[in-house]
Amino acid sequence: FLGAKKMSPELLEELEEALILADVGFDTVEKIVAKVNEDLQRKELSRPDVVKNSVKEAIVEILSSGVTPNVPSIENTKQRPYVSLIVGVNGTGKTTTIAKLAHRYKQMRFTPILAAADTFRAAAIEQLTIWAERAGVDIIAHKEGGSPAAVVFDAVAAANSGKGEMVIVDTAGRLHTKKNLMAELAKIRRVAATNAEGAPHEILLVLDATSGQNAISQARQFSEWLEGLTGIVLTKIDGTAKGGVVVTIADELSLPILFLGTGEKIEDLVRFDARAFVNALIE
Amino acid sequence: NLTLRLQSVFQKLKGKGTLSEQDVSRAMREIRRALLQADVNFKVVKDFIAEVETEAVGSDVFSGLNPGQHVIKLVNQHLIKLLGEKVSKLKVASKPPTTVMLVGLQGSGKTTACAKLARLIKQAHRFPLLVAADVYRPAAIDQLEKLGAKLEIEVFSRGKQDPVKTATEAVDYSRQKGWDTVIIDTAGRLHIDEELMNELKMMKQKVEPTEILLIADAMTGQDAVNIASSFDEQLGIDGVILTKMDGDARGGAALSIRAVTGKPIKFVGMGEKLEMIEQFHPDRMASRILG
Ligand SMILES: Nc1nc2c(ncn2[C@@H]2O[C@H](COP(=O)(O)OP(=O)(O)OP(=O)(O)O)[C@@H](O)[C@H]2O)c(=O)[nH]1
Ligand SMILES: Nc1nc2c(ncn2[C@@H]2O[C@H](COP(=O)(O)OP(=O)(O)OP(=O)(O)O)[C@@H](O)[C@H]2O)c(=O)[nH]1
Ligand SMILES: [Mg+2]
Ligand SMILES: [Mg+2]
């Protein structure tokens, strides 16, 4: 009779713009707007502050959907060695993130060992070796060009021989569209399971906050090839990009975002906080 | 798929010769969605749609095409025109050496692009010198040295010394040794990092490069306009290399960058191997963006 209740076109356009500029994809924005239109009373829909809060709540809810007590962590898992596999496309910040994780877990009194399983890219092993020195942790590395799976195998063996209780595996960046490289990664994952019960306990996808909708495709493919991811690390959030694409990823794959990379130094890693993230997304 | 979506928009238009304002506005909503999903910047999409809309209304459907195909053809033409000239070569300095600075955000593919360009230059029977001016990233110098060794191209490095000093010394060195093209690899940095942007400005001032190329990742989202305009305003860029185009990113960042800087995309990176660099083709990019 009065027509479907919806927020005003101006308010809608303003919200759409803010969310899309933050890289929350078109379809996800439509979904959030539909939910807000449904949840709010007609009179509330004309109040920008009420609508904005409702949008924020909707996003917080989506981001929290993957956060269950089943999210694995070394703190809640008894199995040792605890193996964490770090994956993602080229240049997203995997190696640097591993340095940050090593630093963090060392400070928490765990003894991480790094596995330099990127045996492909020029000076990848040198890069991780320098980070291992800076973090004060051991590293297992072979020659450039060698088998990544062999490095993982040796790292797990080192952990089993008492060198450490945690293995963090660095892998070469690879585009999710390259079947042979993704198959190689699936093999690395299987090898990680030999001699380490329950391994890999974590598979973290490292995503660059400046990436657009392609990150969704990355998450889907890496998840498929690795039979599931356990979480996401979103890097380079210290830039001007807002990383809104994780909203769609959380919605579609129910994955928790665990950490944010906030810079290039070893301390530049923070635990993900959905509310703080959403406030930054829409401001 | 955009073609199918447009066809359903125009289902009732069979036999009509011209497109009305209402037909067009419904079609533009689909085009807008496609461009946003391709990561073209929100504001760039707005301007682009407005431009295409004015031309589409009242236009005669091209013979042999249905209205949906007609709209796509118009959009495609506009995209190609916006994306720019096809053959965009590297400038050669009137007085050697030609100096090229590669700049951009962390992880965009600069070091790899330096090596790829050096290889092309060598193939063209010129004499490239690579310069390792990233003194921050662990093993960055190692990385460039390994790539240079592979190509049998000399890499000039002065360790962790001030990168501006290294760059200027490299240019002097090139004059002494007869290298006619100097390719400078710089550290990845944020456009909002004042100190590091000043370092680039200082390097530009001292080196007076023939060309400054912005290296941008093809999967960059809405932020592409901020990055590109900031680098262009602060430093001035002469062209762009779009990397990791061998993936399935639609690459809308190409349109955003071009729209906001007016600078040409000169090359695209098509893989990790050093031979995987190609000329930019605006027509191929346009169909890719449209999906
Ligand atoms: N500003 C900023 N830069 C970062 C962050 N994380 C990583 N980087 C930088 O991003 C660049 C790439 O980081 P890497 O750790 O080498 O990335 P990667 O994923 O291991 O790269 P590949 O192994 O080549 O695929 C480096 O210059 C890092 O310093 C972050 O959170 N913020
Ligand atoms: N698939 C693919 N990978 C690429 C391409 N260009 C570069 N890469 C990869 O992207 C990653 C980052 O490349 P780098 O050359 O180290 O990037 P960078 O900009 O120098 O990084 P920083 O110096 O840390 O800012 C590496 O794994 C490269 O092999 C490309 O065109 N396609
Ligand atoms: Mg790496
Ligand atoms: Mg580099």
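Just so it is clear, the model here is predicted, and its values are computed rather than measured. In what follows, chains carry the letters A, B, and so on, assigned in the order in which the sequence lines appear, proteins first and then strands, with residues in each chain numbered from 1.
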By a 4.5 Å heavy-atom criterion (distance strictly below it), what part of [X] contacts chain A: side chain, backbone, both, or neither?
X	result
B:L144	neither
B:K46	side chain
B:E145	neither

Could you please spell out the steps behind the salt bridge (charged side-chain N to carboxylate O under 4.0 Å, His left out) verdict for A:E126 and B:K146?
CA-CA 11 Å; A:E126 286 84 337; B:K146 288 199 177 183; 2.7 Å; yes

[X] versus chain B, the contacting section by heavy-atom distance below 4.5 Å:
X	value
A:V89	side chain
A:T210	both
A:E30	neither

Interface check, chain B: of A:A215, A:S211, A:S217, most non-hydrogen pairs under 4.5 Å belong to A:S211

[X] side chain near [Y] side chain, heavy-atom distance below 4.5 Å:
X	Y	value
B:L36	A:Q213	no
A:Q127	B:R137	yes
B:N41	A:L21	yes
A:K242	B:Q222	no
B:M219	A:T92	yes
B:R33	A:D27	yes

Would you compute the distance between atom [atom1] of [X] and atom [atom2] of [Y] and round it to the nearest 0.5 angstrom?
X	Y	atom1	atom2	result
A:R174	B:E272	CZ	CD	9.0 Å
A:N90	B:K244	CG	NZ	6.0 Å
A:F26	B:L35	CZ	CG	11.0 Å
A:D238	B:D193	CG	CG	9.0 Å
B:F42	A:L19	CZ	CG	10.0 Å

Could you tell me whether [X] atom [atom1] has more than 12 heavy atoms of other residues or ligands within 6.0 Å of it?
X	atom1	answer
A:E267	CD	yes
A:K178	NZ	yes
B:K122	NZ	yes
B:R284	CZ	no
B:E275	CD	yes
B:K201	NZ	yes

State, to 0.1 Å, how close [X] and [Y] come at their nearest heavy-atom pair, and which atoms those are.
X	Y	answer
B:G247	A:T177	CA-OG1, 3.8 Å
B:D39	A:G212	OD1-CA, 3.4 Å
A:K236	B:Q106	NZ-O, 3.0 Å

If only side-chain N and O atoms count, and only distance matters, is there a donor-acceptor pair under 3.5 Å linking B:D223 with A:T240?
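Yes, side-chain donor-acceptor contact under 3.5 Å.
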
Assess whether salt bridge (charged side-chain N to carboxylate O under 4.0 Å, His left out) is satisfied between B:R32 and A:E16, documenting all intermediate values.
CA-CA 13 Å; B:R32 178 173 177 263; A:E16 255 193 0; 3.3 Å; yes

Would you please test A:N214 and B:D248 for side-chain hydrogen bond (donor to acceptor under 3.5 Å, both in side chains) and show each step?
CA-CA 7 Å; A:N214 192 251; B:D248 61 357; 2.7 Å; yes

Any salt bridge linking B:R189 with A:E264? Criterion: basic side-chain nitrogen under 4.0 Å from a carboxylate oxygen.
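No salt bridge links B:R189 with A:E264.
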
